[in-house]
Amino acid sequence: MLYQPEKILVTGGAGFIGANFVHFWLQNYPESRVVVLDALTYAGNRANLLSVEGQENFRFVHGDIRDYDLVLSLLRDEQIDTLVHFAAESHVDRSIHGPDEFIDTNVIGTHVLLKAAKAVWLEDPLAPRPHRFHHVSTDEVYGTLQPNEQPFTETNQYAPNSPYAASKASSDHLVRAYHETYGLQVTTSNCSNNYGPYQFPEKLIPLIIGNILDGRPLPIYGDGLQIRDWLYVDDHNRGIDLVIRQGKVGETYNIGGNNEWTNIAIVKLICNLLDEKFAGNEAMKKRFPQAPQVSGGKGEGLITHVKDRLGHDRRYAINAAKITTELGYSPMESFETGIRKTLDWYLDNEGWWRAVMDGSYRQWVELNYSQGH
Ligand code: NAD
Ligand code: DAU
């Protein structure tokens, strides 16, 4: 049966996938209302939502998912029927250097949201109300694959290897438990690596683009033969949309692009695409004087193998047969078009990535928006 959200609370909506989701949702469902709750950590930028700021059906709330009273009042006052939960600490390397924030936000934070949702949707005087709690998770909960192993299905055993993956696995279990025990109407999606606009430049693809343009080394962990399954961010969000509206309550769905690449091959591809862009383009050369192409070099000359990530998962790959057969999902963007689009976005939005890296966007947004907007 089709479920149609009307009033949505999006946690982590100022981050990479969350911001793309808000744009996607308001374009496709302009009659619905979207409230974003985001703590604006280093990874969250209100500027990512500039194009929807000021719309009547959009509200931004600066706050923490661990603040139970705040979440409770938002669910009640805004009469939220659907919660889409993106907020998380999301970078594996950071989780290796400092796992605490990952446990606090990803585990405790998810539990606070579940408790508040249960209180409002299942226990309030008006309860039970029609509702959905959609939890956005990752393929990293399944651990790592050998080269000859089959891609992850929803029934693979959980075997998380990094503190990040373990924190996401814990949150997945809590979401499941709130359905089994209390009857909360939950769905979960586990997606592979995303790429596209607004991705914070600590992640592989935007990091490599920025480093080539600035002539910095391209750090390849270990031999660079680790494999990831890349999906354009809008295709992830289209999958989430399908799961929320048509998915079976209590179920989990894998989302992926059937698009496995070694890290080194992705880095070489980006190098080649940028070499092409620089060829005979004097304006590009003037804009990025440190790029190797300006002095007759190539992007690949910057490749530098560095120490491997601790506990580095060798391969992820998603079997998306369930969402494909049950909900009619298929990615719309090919990697060929998606990576070019992404490259163009970073070239057109140089101000964005420089500002999010040095934090100056935050000051700009503070100057331009009144408190409590
Ligand atoms: P991101 O790091 O770009 O954004 C995270 C957002 O959450 C930021 O806006 C941040 O300010 C906010 N946030 C962090 N802690 C918060 C807190 N305590 N309270 C409120 N807001 C908080 O992350 P992303 O890459 O957009 O990932 C979003 C979700 O998707 C995460 O749950 C992640 O595990 C999952 N996921 C990501 C990928 C990927 O490739 N990036 C793939 C599969 C699943
Ligand atoms: O699989 C989904 C996951 O994908 C999400 O759950 C995570 O939130 C998201 O960050 C991403 O995790 P990865 O660790 O796979 O992404 P990252 O971009 O950090 O790294 C991709 C691969 O590239 C990984 O094998 C590590 C490698 N790498 C990464 C960086 C930043 C390098 O070789 N050099 C680098 O400098």
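The chain is numbered in sequence order, starting from 1. Order of appearance sets the numbers: ligands from 1, and atoms from 1 within every ligand.
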Quick one: does NZ or CZ of Lys203 land under 6.0 Å from the six-membered ring centre of Tyr195, within 45 degrees of the ring axis?
-> no
When only distance counts, is Ser90 in polar contact with ligand 1, meaning an N/O pair under 3.5 Å?
-> yes
Ignoring angles and geometry beyond distance, decide whether Glu89 reaches within less than 3.5 Å of ligand 1 through its nitrogen or oxygen atoms.
-> no
May I ask you to identify, for His85, whether its side chain, its backbone, both or neither come under 4.0 Å of ligand 1 on a heavy-atom basis?
-> neither
Distance from atom 8 (O) of ligand 2 to nearest protein heavy atom, with residue and atom | Ser90 O, 2.8 Å
Close side-chain approach of Phe58 to Leu49, heavy-atom, < 4.5 Å = yes
Please determine if Asp38 has a nitrogen or oxygen closer than 3.5 Å to a nitrogen or oxygen of ligand 1.
-> yes
Quick one: does Lys168 get a heavy atom under 4.0 Å from ligand 2?
-> no
Applying a 4.0 Å heavy-atom criterion (strictly less than), which segment of Tyr316 is in contact with ligand 1: side chain, backbone, both, or neither?
-> neither
Quick one: does Leu204 get an N or O within less than 3.5 Å of an N or O on ligand 2?
-> yes
State the atoms of ligand 2, each with its element, that fall below the 4.0 Å cut-off from a heavy-atom position in Thr138.
-> 1 (O), 2 (C), 3 (C), 5 (C), 6 (O)
What atoms of ligand 2 come closer than 4.0 angstrom to any heavy atom of Ile220?
-> 33 (O)
Charged N to carboxylate O under 4.0 angstrom, Glu53 versus Arg46?
-> yes
Taking distance alone, with no angle check, do Leu207 and ligand 2 share an N/O pair under 3.5 Å?
-> no
Note: ligand 2 atoms sitting under 4.0 Å from heavy atoms of Tyr316 are 1 (O)
Kindly confirm or rule out an N or O of Ile17 lying under 3.5 angstrom from an N or O of ligand 1.
-> yes
